[in-house]
Amino acid sequence: MIINLNGKFVPKEKAVVSVFDHGLLYGDGVFEGIRSYNGRVFKLDEHLERLYTSAKAITLRIPVSKEKMKAEILLTIRKNKLKDSYVRCVVTRGPGDLGLNPTKCPKAFYFIIASSITLYPEKFYKVGLPVITASTRRNVPEAVSPMVKSLNYLNNILAKLEANNGGVLEAIMLNREGYVAECTADNIFIVKKNELITPPTYIGALEGITRAAVMELARDMGLKVSEKPFTMVDMYVADECFLTGTAAEVVPIIDIDTRKIGNGKPGPVTKKLIAEYRAMTRAEGTEIY
Ligand code: PXG
């Protein structure tokens with residue numbers, strides 16, 4: 001595996017970051033998780049846009065232009081001879097001194113990993129995923145905006161631990177007021193009658209790229225699509241529920257806190273969206289070769 005370390009290609013074993021890097025010391029940085037399918041990178045421009053917006057929000061100056069970063073991502077996938085890949089693009093505040101002052105970090109640092117990803121086992125796409133509601137609340141947007149896809153994932157990791165301890169693979173996180181926000185690294189949707197509902201991002205959810213794609217597909221299918229706050233009870237009585245994310249794609253949720261959603265099987269809207277989303281990922285994207 002060849003890693004892009006600040007524009008230089010090095011083997012995985014030599015791809016190391018300074019212990020003085022503020023990405024490591026303070027989680028000061030931003031990232032994107034991107035996928036390619038059959039030789040094309042899905043929604044690359046959208047991911048780059050979000051990366052640069054996240055960076056701007058924390059006044060992090062990415063040392064290369066968006067166009068250059070795009071070229072570097074494509075080159076990294078080519079160096080690894082991949083067609084289907086999972087790409088992690090990370091930008092940190094860079095090395096500084098042992099104080100959190102970011103002005104002591106002269107230059108931001110980036111690296112790109114092009115690898116593969118282990119999805120949920122295929123069976124969960126067919127039979128659906130049981131999840132729990134975490135007691136760990138989602139960070140409040142007034143503290144760190146969910147717009148910023150930062151290197152601070154401790155909040156989400158604590159919820160993921162609850163999922164692990166509960167014997168499931170994913171957890172739903174509520175915001176401070178008790179409204180449903182999102183999963184630990186995925187957005188959440190419910191279906192009620194002919195309406196598809198997802199929490200607005202101000203609740204404390206990332207503006208997911210898969211979320212946007214699924215909303216577009218649902219509109220094309222003739223569904224009413226709404227962004228509005230909902231509670232755990234709305235989830236328990238929903239006809240269907242599913243999560244979305246770059247890594248996960250669209251995954252049916254069939255059980256929440258041991259309560260069956262709908263009839264406990266993936267519903268027709270979810271099934272259609274899984275198929276439509278898969279078709280979309282195979283039909284568009286930036287050519288790698
Ligand atoms: N919410 C959070 C908190 C996320 O981190 C999503 C929602 C879904 O967004 P996208 O744009 O992917 O539809 C994310 C995405 C990983 C990994 O390695 C995490 C994400 C994406 C890909 C991989 O854990 N986060």
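As the structure lists them, so they are numbered: ligands from 1, and atoms in each ligand from 1.
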Looking at [atom], what's its closest protein heavy atom, distance included?
{"atom": "atom 25 (N) of ligand 1", "result": "K149 NZ, 2.8 Å"}
{"atom": "atom 6 (C) of ligand 1", "result": "A185 O, 3.3 Å"}
{"atom": "atom 13 (O) of ligand 1", "result": "T210 OG1, 2.6 Å"}
{"atom": "atom 22 (C) of ligand 1", "result": "Y86 OH, 3.4 Å"}
{"atom": "atom 5 (O) of ligand 1", "result": "Y153 OH, 2.5 Å"}
{"atom": "atom 12 (O) of ligand 1", "result": "T246 OG1, 2.5 Å"}
{"atom": "atom 2 (C) of ligand 1", "result": "E182 OE1, 3.5 Å"}
{"atom": "atom 16 (C) of ligand 1", "result": "R88 NH2, 3.3 Å"}

- [ ] Determine, for F42 and R35, whether the Lys NZ or Arg CZ falls below 6.0 Å from the six-membered ring centre while staying within 45 degrees of the axis.
- [x]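 No - R35 does not lie over the ring of F42 by the 6.0 Å and 45° rule.
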Open item on the list: Within 45 degrees of the ring normal and closer than 6.0 Å to the centroid, is that where the cationic atom of R88 sits relative to F111?
Closed with: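 Geometry flag: not set, cation outside 6.0 Å or 45°.
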Open item on the list: Would the distance check show the side chain of R211 and the main-chain N or O of T244 forming a donor-acceptor pair, the cut-off being under 3.5 Å?
Closed with: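 Flag not set: sc R211 to bb T244 has no pair under 3.5 Å.
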Open item on the list: Is it the case that the side chain of E162 and the backbone of T136 share a donor-acceptor pair, with hydrogens and angles ignored and the cut-off at 3.5 Å?
Closed with: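 Yes; judged by distance alone, with no hydrogens or angles, the pair exists.
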- [ ] Check each atom of ligand 1 against the heavy atoms of G208 and keep those under 4.0 Å away; list them by number with element.
- [x]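 In order of numbering, the contacting atoms are 9 (O), 10 (P), 11 (O), 13 (O).
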TODO: List every atom of ligand 1 that sits less than 4.0 Å from any heavy atom of N156, numbering the atoms from 1 in the order shown and giving each element.
DONE: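 What qualifies from ligand 1 is 3 (C).
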TODO: Examine G33 against ligand 1 and note whether any of their N/O atoms are separated by less than 3.5 Å.
DONE: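 No, there is no polar N/O contact under 3.5 Å.
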Task: T184 contact mode with ligand 1 (heavy-atom cut-off under 4.0 Å) - done: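 Answer for T184: backbone.
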Task: Heavy-atom gap R50 to ligand 1 smaller than 4.0 Å - done: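 Yes, that is the case, since the closest heavy atom of the residue is under 4.0 Å from the ligand.
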Open item on the list: Under 6.0 Å between ring centres: does that hold for F31 and Y153?
Closed with: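 Here the rings of Y153 and F31 have centres that are less than 6.0 Å from each other.
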Open item on the list: If you apply the rule salt bridge (Lys or Arg N to Asp or Glu O under 4.0 Å), what do you find for E182 with R138, and how did you get there?
Closed with: CA-CA 8 Å; E182 58 179 341; R138 190 75 177 92; 2.6 Å; yes
Open item on the list: Under a 3.5 Å threshold, yes or no: a donor from one side chain and an acceptor from the other, between T201 and E207?
Closed with: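 No pair is found: no donor N or O on one side chain lies under 3.5 Å from an acceptor on the other.
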Task: N152 and Y26 side chains, donor-acceptor separation under 3.5 Å - done: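 Side-chain D/A pair, Y26 to N152: absent.
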- [ ] For residues L5 and A15, report the shortest heavy-atom separation together with the two atoms involved.
- [x]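 Taking every non-hydrogen atom into account, CD2-CA, 4.1 Å.
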